[in-house]
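Please read the structure below before turning to the comments.
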Amino acid sequence: MTPNADPSLRSQVRKAIEDAWARAQAGLPETTEPHDAPVTIERPADPTRGDFASNIALRLAKPYRRAPLEIARAIAAHVATTATDPNSPIASVEVAPPGFLNIRLADHALAATTQHILLNPATWGRTVAAHPERVNVEFVSANPTGPLHIGNARGAFTGDLLCRVMAAAGHTVTREYYFNDFGSQVKNLGASVVAIREGCEIPEDGYHGDYVYDMARDIPPEVLAGAEKSGEDPSWAVGRWASEQVRAGIEASLEHLGCHFDIWRSESTLHNDGWVAKAVDRLRAAGDVYEEDGAVVFRSTRYGDDKDRVILRSTDDAAPTYFAADIGYLVEKFSRGYERIVFIWGEDHHGYVARVKAAAQSLGFDDDHVQMILTAWVRFVRDGKEVPMSKRTGEFITLDELLGEIGVDAARWFFASRAASSGIDFDIELAKKQSSENPAYYVQYAHARIASILRKATESGMAPPAADDPRLAELLAGILSGAPEAQLARQIVRLPEVVEDAAASEETHGITAYATELATTFHAFYRDARVLDPDEPDRSAARLALVAATMTTLANALGLLGISAPESM
RNA sequence: GCGCCCGUAGCUCAGUGGAUAGAGCGUCAGGUUGCGGACCUGAAGGCCGUGGGUUCGAGUCCCGCCGGGCGCGCCA
């Protein structure tokens, strides 16, 4: 076993079935029909059928021109079970019409995995990707013209969760925030601050939130003096200062949410460091640029975009568009050696996917390495009516305000348990009311309950056996004939599968569902099986070990979601 | 008009072409002389928007329609 990764029992079973098929296949005539039927090993809907089910025989029936049941029986006959091989993870295989294989795990495999958890608690659940990649994930990237509002929450959590899952699946992840400190929005922000300071009316394109008034009081004298000295419009100087104030506030809010960013990249540095000009040169060299109506246009239609896109507003290489900066950024990111560039965008940006991918191709990159994840819109409603959010008018609920009423853990769970593509109606009052009955607390409660048991065990001198105690696997195997223990063990060993699936699907709701099921299974176990029983020291020791492994599994599942696992609550 | 996303239980949402479509919340009926009752057990509740097609098999894939959201700037 590699120290940093856990072989999921599912992959062990998959290998056993594939090996069996390879042996069974020897007795069958060659097929000429192509088939890319993968061996699917999945958890059956009905747990009484076994731990895993495979449809391999149904998939292979056609190319091999054999009845599914015949193939299933042949595979089953060749699967090594614990009856024939004590190292096999499989206890039994049954064939069920129309051709399913129902597979049952061996108790010793469950016991060995449980001990593995206790030996490697910090890495339990992490897997090693088949092809580990260096990945850059850019998310949130809201312009620093005002504090984050609740509309930004989904992008923040979606991106953060994706990063956590990809890291757990063995990838190296960089988290990046891109912000505009370059365009007219900055000037408008500065003009608004200046106007308030001078008692004038805020300009038409200005900003009206309370934070603008706060900043108007706090402008450092040197900012104004600097502008005066250089003769620059004070709107710019104040705008840059204000924008940085806002950006720092955004960073603090995100850290509070548990969303950490490794790199904060500003648009102006992209221009100043020459990346935009370099990108334009490369598009030109590729022959994908032409001039029209005094502007420079990128021929993105050559790569599947709907229409060509202007990148420079004039032919003298001046006034690049926002899209030009995006292209420069793409070049800059690839120059840092990432194999995969991911963007988390609101679905209102879906129109930009084609043009950015087109740019990637023209630049010579594989556009499969540029990936956009679109999050569906969140409609914020109150009493059934949509609550409009506008940074410019200052009419919005900030993220900090929301999190003041709904805990970070509850909010993270809310977004983690929904697919990115699923549209959400977020009723603020309902969310506040339901915060206290959020499933996150249900899972945390199971964790705290186990912590309490372990405290009690220590107090009464019934400490669990050491993780490397050679008797442990035997003790554990001894209790797995009990229904509550067997069910709990079968739940905890699933974590690596759940992580694999989350990484593959780039969704986290499988993790929340799993954590809920595990907590439920534990609560049932708690009801049916007394952990601390002075009259049964061996049984107590084994149950303590099982329960400790459950606690680690709960903590790691919650950790993947950025949710705390309290020892008491 | 064209393009993308969505439509599953009262509500909020899951459901890698597989077996009897699930969870949480809500509703109703029960449960504790043991280690945390923020818990447990059970019940009711579904033409999976709709009509075709593909196949051994469709909530899932393809086409049409209906309904909702979003996009179609030399803005960012």
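Numbers restart at 1 for each chain; the letters A, B, ... are given by sequence-line order, proteins then strands. Computed from a predicted model, the values in this text were never measured in an experiment.
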Base, sugar-phosphate, or nothing: which does [X] touch, judged by heavy atoms less than 4.0 Å apart?
X	value
A:A324	nothing
A:Y526	base
A:A446	nothing
A:H350	base
A:L312	nothing
A:A513	nothing
A:E497	nothing
A:N102	base
A:R49	base

[N] pairs with, by Watson-Crick or G-U criteria that keep both distances under 3.5 Å:
N	answer
B:G64	B:U50
B:U12	B:A23
B:C28	B:G42

Between A:Y526 and A:R449, is there a cation-pi geometry (under 6.0 Å to ring centre, at most 45° from the normal)?
-> yes
Per the atom types in the model, does the base of B:A38 pair as donor or acceptor with the side chain of A:N438 at under 3.5 Å?
-> no
Hey, does the side-chain of A:Y352 have a donor or acceptor N/O within less than 3.5 Å of a partner on the base of B:A76?
-> yes
Quick one: A:Y290 OH to B:C74 P, roughly how many Å, whole number?
-> 11 Å
